[in-house]
There are 2 protein chains.
Amino acid sequence: MRISSRCEYGLRAMIYLARTAGDDPTPLTEIARREDMPTAFLERILARLREGGLVASTRGASGGYRLSRPAGAISVADIVTAIEGPLSLVGCLPDEGGCARAGSCASQAVWRRLDDAISRALSDISLDELSVEAITT
Amino acid sequence: MRISSRCEYGLRAMIYLARTAGDDPTPLTEIARREDMPTAFLERILARLREGGLVASTRGASGGYRLSRPAGAISVADIVTAIEGPLSLVGCLPDEGGCARAGSCASQAVWRRLDDAISRALSDISLDELSVEAITT
DNA sequence: ATAATCCCGACTGTTTCTGTTGTGTATCGA
DNA sequence: TCGATACACAACAGAAACAGTCGGGATTAT
């Protein structure tokens, strides 16, 4: 159960964008260079973030990406969801089809509780908390 | 970030063993049949659980598996860890080598918090809670 | 002995991850 | 208008993980 590089890159890029908010749009190449991430790969991650409505892009010379909302209105859960799809850990929960043995399945309760814990943890952290330099855990 | 079948099967098998605790050792084939899981695959999962010290096996006719401790002393975290390895979501946390940009890396704080939330959620659930039929979330 | 049972290594098909490459399109500035 | 700077998008590819199978060997109760 590791976090994917996609997700890690995406979050780092969002933090970078939060720190440069207010400036001109930030080009992909700048983010990739400064954060040391593969450019083309990052582009596809930013595409998902754009589709998720978290960043806006402007094309052409002196174009780039910026946050589409204030950093305070973006949670880590938003970012992870945009990149990875729904957070849910298993496909057998009642709200997505369920499985044959649902009801008598005790393990379902475990994943549901875990889903909740993850969801809560990620929703609690907003991007502006992360954009300040010193993080006091 | 889905739960692997390995893990799902493993948990279900452990719940099954908790319910048959006190009886003779339960053969692999019985668990697989009753829980509708692929036999050979389940065997390899039980091997991990044995290596993790959670189940004990007896060989030969009328052999099988049983829990090596009372169900109340086994948490879901124990089970998941035995099957999947350490729960940690990223490899860059200080306690496992770290990465070059640690310290200035705000995203690290996110994964650390998420690790904690997951770990706490799974440690809180013990196997005997799951072995009773009705689960009241 | 024989049947039941665990043990274990090797193998395979599929999917996901982690990228790369190449082409096209929009925009700005000279 | 031309060219440089960007984003947009689709196709491709190697590597790893996942999910599961197969076959043989070792152990033990009856």
Side-chain angles (χ1 to χ4, degrees), chain A residues 1-13 17 20 23-68 80 83-86 89-92, chain B residues 1-13 17 20 23-68 80 83-86 89-92:
Chain A
M1 259 218 322
R2 291 256 155 160
I3 282 290
S4 62
S5 311
R6 257 207 310 273
C7 209
E8 166 70 15
Y9 290 163
L11 178 58
R12 295 234 308 273
L17 287 177
T20 60
D23 304 1
D24 289 336
T26 308
L28 170 66
T29 50
E30 176 185 330
I31 310 175
R33 182 168 32 83
R34 295 283 295 275
E35 289 287 328
D36 193 28
M37 306 186 282
T39 310
F41 191 30
L42 179 59
E43 185 186 317
R44 305 219 329 204
I45 296 166
L46 282 166
R48 298 198 188 189
L49 292 167
R50 179 170 41 81
E51 287 155 20
L54 301 184
V55 305
S57 57
T58 50
R59 303 174 72 152
S62 79
Y65 296 88
R66 63 203 130 70
L67 300 184
S68 61
V80 173
I83 293 173
E84 305 267 35
L89 290 168
V90 285
C92 69
Chain B
M1 264 222 316
R2 291 255 154 162
I3 282 290
S4 61
S5 310
R6 258 208 308 273
C7 207
E8 166 70 13
Y9 290 162
L11 177 59
R12 296 233 308 273
L17 288 177
T20 61
D23 305 0
D24 289 337
T26 309
L28 170 66
T29 50
E30 176 185 330
I31 310 176
R33 181 168 33 81
R34 296 284 295 274
E35 288 287 328
D36 192 31
M37 307 186 281
T39 310
F41 192 30
L42 179 59
E43 186 186 315
R44 306 220 330 201
I45 296 166
L46 282 166
R48 297 196 190 192
L49 292 167
R50 180 171 40 80
E51 289 156 19
L54 300 184
V55 304
S57 57
T58 50
R59 304 173 74 156
S62 80
Y65 295 88
R66 63 204 129 72
L67 300 184
S68 60
V80 173
I83 294 173
E84 305 268 35
L89 290 168
V90 285
C92 69

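Direction change of the helix axis from one end of the helix from dA1(C)-dT30(D) to dA30(C)-dT1(D) to the other is 10°, with five pairs defining each end axis (rounded to 10°).
At whole-Å resolution of the value, CZ in Arg48(A) and P in dC7(D) are 18 Å apart. Look at CD on Glu84(B): it is 19 Å from P on dA16(D), rounded to the nearest Å. Computed from coordinates, the Ile45(B) CD1 to dC18(D) P distance equals 12 Å when rounded to whole Å. Between the CG atom of Leu42(A) and the P atom of dC9(D) there is a distance of 15 Å, rounded to whole Å. Atom-to-atom, CG of Asp36(B) to P of dA19(D) comes out at 16 Å; the value is rounded to the nearest Å.
Applying the side chain to side chain contact (heavy atoms under 4.5 Å, CB included) criterion to Pro38(B), with sequence neighbours excluded, gives Tyr9(B), Phe41(B). Scored by the salt bridge (Lys or Arg N to Asp or Glu O under 4.0 Å) test, Arg66(A) finds no partners at all (sequence neighbours excluded). Partners of Arg59(B) under the side chain to side chain contact (heavy atoms under 4.5 Å, CB included) rule, at least two apart in sequence or in another chain, do not exist in this structure. Qualifying ring-ring contact (aromatic ring centres under 6.0 Å, His included) partners for Tyr65(A), counting only residues two or more places apart in sequence or in other chains: none. Here Ala47(A) pairs with Arg50(A), Glu51(A) under the side chain to side chain contact (heavy atoms under 4.5 Å, CB included) rule; sequence neighbours left out. Checked against side chain to side chain contact (heavy atoms under 4.5 Å, CB included), Ser62(B) has no partners two or more places apart in sequence or in another chain. Remark: Glu30(A) engages no residue in a salt bridge (Lys or Arg N to Asp or Glu O under 4.0 Å) (not counting sequence neighbours). With sequence neighbours left out, Thr26(A) forms a side-chain hydrogen bond (donor to acceptor under 3.5 Å, both in side chains) with Thr20(A).
You can see that DNA chain C meets the heavy atoms of chain A within a 4.0 Å-exclusive cut from dC17(C) to dC28(C), reading 5' to 3'.
Checked options Arg6(B), Arg48(B), Arg2(B); the residue passing with Glu84(B) is Arg6(B) (criterion: salt bridge (charged side-chain N to carboxylate O under 4.0 Å, His left out)).
No contact: Leu46(B) has no heavy atom under 4.0 Å from any strand. Contact annotation for Arg6(A): base contact, defined as any heavy-atom pair under 4.0 Å involving a base atom.
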Verdict with reasoning, Leu46(A) to Leu49(A), per side chain to side chain contact (heavy atoms under 4.5 Å, CB included): CA-CA 5 Å; Leu46(A) 282 166; Leu49(A) 292 167; 4.0 Å; yes
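Residue-to-nucleotide proximity on DNA chain C shows that, of Pro27(B) and Ile3(A), the 5′-proximal contact is made by Pro27(B).
Residue Ala56(B) comes nearest to Ser68(B) through the heavy atom pair N-CB, 4.1 Å, listed as atom of the first residue, atom of the second, then distance.
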Letter per nucleotide, 5' to 3', of nucleotides 20-30 of chain D [B base touched, S only sugar-phosphate touched, - untouched; heavy atoms, 4.0 Å]: BB---BBBBS-
